[in-house]
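Below is one structure, written out as structure tokens, with a few remarks after it.
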Amino acid sequence: MKFIIAIIKPFKLDEVREALSGLGVAGMTVSEVKGFGRQKGQTEIYRGAEYTTNMLPKVKIEIAASDDLAPQIVELIQQTASTEAIGDGKIFVLDLASATRIRTGETGDTAL
Amino acid sequence: MKFIIAIIKPFKLDEVREALSGLGVAGMTVSEVKGFGRQKGQTEIYRGAEYTTNMLPKVKIEIAASDDLAPQIVELIQQTASTEAIGDGKIFVLDLASATRIRTGETGDTAL
Amino acid sequence: MKFIIAIIKPFKLDEVREALSGLGVAGMTVSEVKGFGRQKGQTEIYRGAEYTTNMLPKVKIEIAASDDLAPQIVELIQQTASTEAIGDGKIFVLDLASATRIRTGETGDTAL
Amino acid sequence: MIRKMIGGVAGAGLALGAASTAFAQAAMVQAPTVEQQATMVNKGDTTWMLVSSVLVLMMSIPGLALFYGGLVRTKNMLSVLMQVFMIVSIAGLLWATYGYSLAFTGGSPFIGGFGKVLMAGVTSGTYAATFSNNVYIPELSYFVFQMTFAMITPALFIGAFAERIKFTPLMVFTVLWSTLAYYPIAHMVWYWAGPDFLAGQPGDWGYLYGKGALDFAGGTVVHINAGIAGLVGCLVIGPRLGFGKESTPPHSLVMTMIGASLLWVGWFGFNAGSNLESNGVAAVAFVNTMLATCAAAVSWAMIEQIVHKKPSMLGAASGAVAGLVAITPASGLGAPMTSIVLGLIVSPVCFFFVTTVKSKFKYDDTLDVFGIHCVGGIIGALGTAIVADPKLGGQGYFDYTVFPAVAVAPEAYSISSQFMVQLQAVGITLLWSGIVTGVLLFVLDKTMGLRPSEEVEREGLDINEHGERAYNY
Amino acid sequence: MIRKMIGGVAGAGLALGAASTAFAQAAMVQAPTVEQQATMVNKGDTTWMLVSSVLVLMMSIPGLALFYGGLVRTKNMLSVLMQVFMIVSIAGLLWATYGYSLAFTGGSPFIGGFGKVLMAGVTSGTYAATFSNNVYIPELSYFVFQMTFAMITPALFIGAFAERIKFTPLMVFTVLWSTLAYYPIAHMVWYWAGPDFLAGQPGDWGYLYGKGALDFAGGTVVHINAGIAGLVGCLVIGPRLGFGKESTPPHSLVMTMIGASLLWVGWFGFNAGSNLESNGVAAVAFVNTMLATCAAAVSWAMIEQIVHKKPSMLGAASGAVAGLVAITPASGLGAPMTSIVLGLIVSPVCFFFVTTVKSKFKYDDTLDVFGIHCVGGIIGALGTAIVADPKLGGQGYFDYTVFPAVAVAPEAYSISSQFMVQLQAVGITLLWSGIVTGVLLFVLDKTMGLRPSEEVEREGLDINEHGERAYNY
Amino acid sequence: MIRKMIGGVAGAGLALGAASTAFAQAAMVQAPTVEQQATMVNKGDTTWMLVSSVLVLMMSIPGLALFYGGLVRTKNMLSVLMQVFMIVSIAGLLWATYGYSLAFTGGSPFIGGFGKVLMAGVTSGTYAATFSNNVYIPELSYFVFQMTFAMITPALFIGAFAERIKFTPLMVFTVLWSTLAYYPIAHMVWYWAGPDFLAGQPGDWGYLYGKGALDFAGGTVVHINAGIAGLVGCLVIGPRLGFGKESTPPHSLVMTMIGASLLWVGWFGFNAGSNLESNGVAAVAFVNTMLATCAAAVSWAMIEQIVHKKPSMLGAASGAVAGLVAITPASGLGAPMTSIVLGLIVSPVCFFFVTTVKSKFKYDDTLDVFGIHCVGGIIGALGTAIVADPKLGGQGYFDYTVFPAVAVAPEAYSISSQFMVQLQAVGITLLWSGIVTGVLLFVLDKTMGLRPSEEVEREGLDINEHGERAYNY
Ligand SMILES: Nc1ncnc2c1ncn2[C@@H]1O[C@H](COP(=O)(O)OP(=O)(O)O)[C@@H](O)[C@H]1O
Ligand SMILES: Nc1ncnc2c1ncn2[C@@H]1O[C@H](COP(=O)(O)OP(=O)(O)O)[C@@H](O)[C@H]1O
Ligand SMILES: Nc1ncnc2c1ncn2[C@@H]1O[C@H](COP(=O)(O)OP(=O)(O)O)[C@@H](O)[C@H]1O
């Protein structure tokens, strides 16, 4: 099994989620994060004090998936989330040693 | 070492934390996330505009643990966090390559 | 490639980020988390009801890095984020199976 | 709003004189006709009553709603705001329908009549009496001022069982409780024929008014009344899920601070507005309110400094509200310096109730409606007997059964006998409102059900009862 | 602010008499000199006008700003607050520059003259007429009261195209729209020579005033006027990116509730202040405002209960605002019981517009400026014809072309003919303001450009247009 | 609140006449007895003073607290709210204890006496003078109006050293500073015997009043006084940890906007209330306040547009406050059009101070108390000399040493000599308050310690000093 972490632009979330549903991905976990990268942040000015944090709001999606489905998920996210502008984000894939569904105690692919 | 990621229902957090303390788990990191899965979300209606996001508030717990302790932790979380209702969440286990305690620079199991 | 997760004290974030920039780390993803560990939390009292949550605000940094750079990153974070006081946090390193840049579809080290 | 008050330096004639020297020379008119009353209206008073009504409305929305809302958990924030907003609206309509008539027309000493149901005969050309002979205000300004009191009172008790009550039954309860508890108590304490009429109609008054109970702006009618309803309510409804186990810190003390501040700001309408005239006594009520509140905020912060070593914003806000509650019945009757003493005393007592007593008896009075409003109201109601004493600089009371009214002689004022009267008013309010609340909630629980399901309570009332989230950042 | 109003029990003489019996005996003065007017001022009225101005300012900042701001997404919160804040400031300066002169001096029936440009001749020693013969208020208090109306009206329409307009063109539009739409309509509906002067100067009035249109506090001038501008604006500017696809829940209903509450609180200055005098009719306007609002909040909640099974905080707040809008033109003219009916009716109609009609025609009126302000304003303006009928307890109107003014005889009041007049006023306002808005925005779009780039809209106006974030928790 | 003011068209007699023609015929009374004063009270004035006091309280809580609180970081939010809330409470109690006596009784030109300590002799039957001969208000309404000024002034300076001061020493400083800086300056600028008494008691006035300094509503007494205390305070206490290195964006500009709006709304009580009477001059002060504020908000936004290309909400709010500060001393003295000019000028100057000057000298005036309140106050105080000139439409001043008072002849008014007087008032206030603050804080730092530990400062004052968190979402 794989554990996929995707960092995307916030307004792309709905689109990505729908695309993944189409692929049969039943679940995912989403959180708000701040991204630091090549994309330049906006400058904020408060009474003359300028802050350019370069920390931009992003959304992180975490998906546990079977080894089969994982590559398709990565590809689909890459295609859907891309705007071809800097700051579109990244997809990271890690190996997942085990997965458990809390409700039933099921483990492995069936737990996803 | 293992890196355990558990997604649970928010109101179960205190209970899970206490149970883990009992097991001798000294530390963990918690964050608020939104979960998408089988569990249906509530419908929100604002002046007639209906939103059913199916994004439900969940809590994510991350625990780095020794290989020995990891299975017990998973089991304990599964038992404590279960309400036997849909949406109870998941536990994912990843392999942890290394761990460092920032204060001392210690690494490995003693860093946890 | 490695996936580095560092939990640090919030006020150290700016310093750590600058140090990493110096090392040539081009990107990272940051989120707010609550940490539970040896460090004791402050007691809150609301009309006589005392809460000592021991859940302290921390910042989580996630960095995908090449195998070469990873150890240096870990060391640098450890040095920069340390205040030698309890609660300084941890650095965890996981193996990263793959990385993709959404904008271009590039993968591997060049995607970071 | 109390039986025995008058403005100015030395009595009725002069109070009037202050308004217009033209009157000073004119002969006083006993039981004036409506046409005569029309000439006894001062636009400064009318403005004051309208402004005071605005201020009291601001106390409930957004004041009270925020004060309470900030203290609950995020998931129940809107439920609190909504309960206050709708109680205010419903109680307002009810007041126009029959509330005003039941509270402020004659009838029995215990409840008014139906003469003004649907505001019959209440027009721009009718007038309400004040506490000075031959001073009147437009009746509609009196109607709406009193309306704002009837709107905020039932909104007070929701704090006691916040986070765990169904919306619709609560609205039904509001209607029933207003009818069976608020209107009768308001009638018993505040109804009288007016200073120009009482001499000719002795006995045309509410039961407690007739006994001589002093309640300048609503210590019994508003705070004890709602406070005991809150206590009984939280007992009948039971504690929240996880009460005493899960931690339930206030989700936004910022909102609570805004709410407390607006309560303080608006309360001048409540207290000084209750003088019904804009004169020196209104200023007395204003100053007393200010000083008691300052003192109570300070004394709550100090007791926290002593007990916990940390004075808290919630403590200061709680103290301010406790001070406002305590000074309410005494506001136009006490003196500035005794008001400070009242404020200094009320906070430690309320602190003791919301900490020690509550944790000892383990009732889940979520937002301390009992501990602050009922306990603070009792201290104020009983303290009124003391601070009203003219020998302590208090305003005493007036005998309106003679025309024109005469002030009590300082040496004739007896603290102990006034105290007994106050005790009786407190006791009757506690008993009557407590019983009415208990019976009503018991019946509603058996019929409509008061409590949401466990799952709903856990997920929060906002999303389940109202289909919304307070924040979508 | 309407042509045909008077206070008190039975007419001009008595209304005055209520203020001071000294006057009652004095002979009435037709067309008094400024020196004579100075003796016809009552400080109670002056206080009331100043307080009312404070209240109306509070309606816009922070009231309206929060009501609107809470409903947008976090990234556009400050843009809404800033737009309201700056519109208020700019419209205020404009009012002093030439707005007051164009709206409230004679000239043509359609627009005033330039006599008071830069406030020429408006000093602490000049006076403005009220609706009672021989009752005056300091002109500056009238100036500033009207100013607060001119400040809030253009702030209303921004809700229709919130989250997608550039700041600078919006400010330019505010200036132009105030000049071409607000001042003319205000002049047409509200300008007249005053009760002591009209007999001697028949025809010195605004076009719609002369027709007999009734608009006590701004149903046409404020709400329909701004509401139609909003609709036209959102059509010209087009829907937000992702409209109908992305979900855009309100980022903070707490702010919206605070805003709605402060609107309610401040609206008493708007409506009862429009009486210009602090008397029984001001109290009528006050009570009508209170009751219509309560009724509309309740009826919106009830229709949600029926349709969605969940009454919502946003619904209650929307209902309250709809009720406030609807009662505005009728506030000093209707009776309490008919005001309740008006309130009960307006919410279902507005609900129908913001849900069914909007989703059917798919215009992106972001914050329902049309659905609530324009539709509610129309209902109020037309309903005024009915509720003003003295036979239904309404206040009727006064004939000021005779001196002193005389009240319409109840049997002479015709609902149907008044209704036709109201319809005409509504129609002219819709047409004129709609066309002006459309033309202005079209030109501005072609010249300065109205819409920010897609990227800016996506990232939010706060950071891009103002260089700030609303929250940095 | 200034030595030389009068209402109405042409002077004392007429101002009175406006209130009631009955008086116009009556002979004027020099040095009236209390009984006579009781007949010289107008309820419209009393209402106005009570309402104004409510408005000024709302300026501090929640207004100022939110304006400041929104600008700090989340972890220090409650500390700011708590500091304001408790300073208000403590300063209120102090005022009743001896503040009022020290400020507003005779004695020396530099400080008052102890005659009214513990409010001795201040009752519902005593009266305070206004700026018109033979017009009085209840003394308690004057007492409480002035009290709200004494409550907000020390709350102003906390912004300069926010986020890094211990709570208890700050409270001690509040008591000492009020005693040694606020009461003397208030006495020097505002104390005088009253218009009916001055002719008989020449010289019974405060030092700066006697010099002829004009400060209508507190430019020197409130803003310069608190502003310089802020600057000295932030220098003594030193910059925050990480100042200039860590970014410290405002945690909630929404709260700041609410606060700024409520400051604006409440400031009408502050400025127009300072007229002490509800007449045409109160309306002048009201209009001047409105227009200067609009102008300053616009000019701050414009300078940001020029310098940064982005007008910001914080800028608009800062401008509005700067405008309010600047118009304060001039509010009842200037004319509408010159007020606009004053507003347009103050923002660029303050902008220059909070950006260029502050970053050049690197003092950590956290919330720009110096840059806005002190600098804005100085501009206002000096500008008053110009705008008060009757030749520019200003109100001039009155000579109260004759009875009845006479207005200065326009040609007798000299801007330059008035300017020198103003300069002197500004200089004395800067020096005296600056020195008092420096000495007090130095001593307190050596004894109690002013600054929390590094760790506490880092974690935030909320949790460490008050045991609470502002938000638990
Ligand atoms: N090495 C990295 N490790 C973790 N997250 C990263 C890394 N590099 C970039 N990110 C995340 O991806 C986001 C986009 O990266 P950025 O360099 O701005 O653009 P792009 O993905 O188009 O190259 C960043 O905001 C950050 O959240
Ligand atoms: N494949 C997945 N990857 C990551 N998180 C998941 C996945 N499936 C479910 N989750 C998380 O687990 C939560 C519960 O899942 P859900 O399908 O609703 O119920 P259950 O766990 O009872 O099957 C989801 O809200 C989501 O946060
Ligand atoms: N086993 C663990 N797994 C995940 N996070 C941990 C673990 N132990 C500690 N942490 C995180 O590290 C933070 C610091 O740990 P703590 O024990 O307080 O101090 P120290 O790192 O100095 O030993 C905690 O607040 C928590 O966020």
Side-chain angles (χ1 to χ4, degrees), chain E residues 20 22-23 26 34-35 38-39 41-47 49-51 53-54 57-58 61-62 65-66 69 77-78 81-82 85-86 88-90 92-93 96 118-119 122-127 138-141 143-144 147 167-168 252 255 258 462 464-473, chain F residues 7-10 14 17-22 24 42-45 47-48 51 55 73-74 249-254 257-258 261-262 264-265 268-269 272 277-284 286-287 290-291 293-295 297-298 301 308 310-314 316-317 320 336-337 340 393 395 471:
Chain E
S20 160
F23 282 119
V34 171
E35 286 71 25
T39 67
V41 173
N42 183 295
K43 286 176 158 182
D45 289 338
T46 305
T47 300
M49 293 319 294
L50 296 181
V51 172
S53 306
V54 170
L57 179 66
M58 190 166 78
I61 54 162
L66 295 179
M77 175 61 169
L78 291 178
L81 301 185
M82 180 69 171
F85 205 88
M86 291 313 293
V88 158
S89 300
I90 290 173
L93 293 176
L118 296 178
M119 301 179 68
V122 181
T123 73
S124 63
T126 57
Y127 302 90
E139 184 176 10
L140 283 169
S141 72
F143 168 85
V144 81
M147 180 174 173
F167 179 71
T168 310
S252 175
M255 290 300 146
I258 299 178
D462 290 6
N464 283 291
E465 292 262 302
H466 307 295
E468 301 165 303
R469 282 181 207 288
Y471 311 97
N472 289 289
Y473 282 127
Chain F
V9 205
L14 201 48
S20 161
T21 43
N42 183 295
K43 286 175 158 183
D45 289 338
T47 300
W48 178 236
V51 172
L55 289 173
R73 286 165 290 176
T74 309
H251 92 281
S252 174
L253 285 181
V254 175
M257 187 273 179
I258 300 178
S261 300
L262 293 181
W264 189 344
V265 166
F268 294 107
E277 265 186 278
S278 178
N279 58 16
V281 179
V284 169
F286 197 112
V287 168
M290 187 70 104
L291 288 173
T293 309
C294 290
V298 168
H308 303 312
K310 288 177 183 172
S312 73
M313 182 68 246
L314 177 55
M337 289 301 135
I340 291 178
Q395 304 288 319
Y471 310 97

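Here the straight-line distance linking atom CG of Leu314(F) with atom CG of Leu78(E) works out to 9.5 Å at 0.5 Å rounding. One finds the CG atom of Leu57(E) at 7.5 Å from the CZ atom of Phe286(F) (value rounded to the nearest 0.5 Å). From Leu118(E), atom CG reaches atom CD1 of Ile340(F) across 8.0 Å, with rounding to the nearest 0.5 Å. Within the model, atoms OG1 of Thr74(F) and CG of Asn472(E) stand 8.0 Å from one another, a figure rounded to the nearest 0.5 Å. Rounded to the nearest 0.5 Å, atoms CG (Leu291(F)) and CE (Met119(E)) are 6.0 Å apart.
Residues Ala316(F) and Phe85(E) approach most closely at O-CE2, 3.5 Å, considering heavy atoms. Heavy atoms only, all atoms of each residue included: Met86(E) and Ala297(F) are closest at CE-O, 3.8 Å. Scanning all heavy atoms of the two residues, the minimum distance from Leu140(E) to Gly280(F) falls at CD1-O, 4.4 Å. Between Ala96(E) and Met337(F), the shortest heavy-atom distance links the atoms O-CE, 3.7 Å.
Scored by the side-chain hydrogen bond (donor to acceptor under 3.5 Å, both in side chains) test, His251(F) finds Tyr471(F) as partners (sequence neighbours excluded). Remark: Thr47(E) engages Ser278(F) in a side-chain hydrogen bond (donor to acceptor under 3.5 Å, both in side chains) (not counting sequence neighbours).
Chosen from Leu262(F), Ile258(F), Thr293(F), the residue pairing most often with chain E at heavy-atom distances under 4.5 Å is Ile258(F). With chain E as the partner, the residue from Pro336(F), Gly44(F), Ser261(F), Ser252(F) showing the most heavy-atom pairs under 4.5 Å is Ser261(F). When Val51(E), Thr123(E), Thr168(E) are compared by the number of non-hydrogen pairs under 4.5 Å with chain F, Val51(E) comes out ahead. Each of Pro249(F), Pro311(F), Pro250(F) has some count of heavy-atom pairs under 4.5 Å with chain E, and the biggest count is that of Pro311(F). Per-residue counts of heavy-atom pairs under 4.5 Å with chain E were compared for Gly269(F), Ser312(F), Ala282(F), Ala283(F); the largest is that of Ser312(F). Note on Met147(E), Met49(E), Glu465(E): by heavy-atom pairs under 4.5 Å with chain F, the leading option is Glu465(E).
Interface remark: Val298(F) contributes backbone and side-chain atoms alike to the contact with chain E (heavy atom separation under 4.5 Å). Heavy atoms closer than 4.5 Å to chain E are found in the side chain of Ala301(F), but not in its backbone. Interface remark: Leu66(E) contributes side-chain atoms only to the contact with chain F (heavy atom separation under 4.5 Å). Heavy atoms closer than 4.5 Å to chain F are found in both the backbone and the side chain of Val88(E). For chain E, the nearby part of Leu55(F) is the side chain; its heavy atoms alone come within less than 4.5 Å. Residue contact with chain F, scored on non-hydrogen atoms closer than 4.5 Å, involves the side chain of Phe167(E) exclusively. Of the two parts of Met255(E), only the side chain, counted from C-beta on, holds a non-hydrogen atom closer than 4.5 Å to a non-hydrogen atom of chain F. Residue contact with chain F, scored on non-hydrogen atoms closer than 4.5 Å, involves the side chain of Met77(E) exclusively. Using a 4.5 Å cut-off between heavy atoms, Pro138(E) touches chain F through its side chain atoms alone.
Residues Trp264(F) and Ser89(E) form a side-chain contact, since some pair of their non-hydrogen atoms from C-beta on lies under 4.5 Å apart.
Each of Asn42(F), Asp45(F), Asn279(F) was compared with Lys43(E) under the side chain to side chain donor-acceptor pair (under 3.5 Å) criterion, and only Asp45(F) meets it.
Glu468(E) places a side-chain N or O within donor-acceptor distance of the main-chain N or O of Met313(F), the cut-off being under 3.5 Å.
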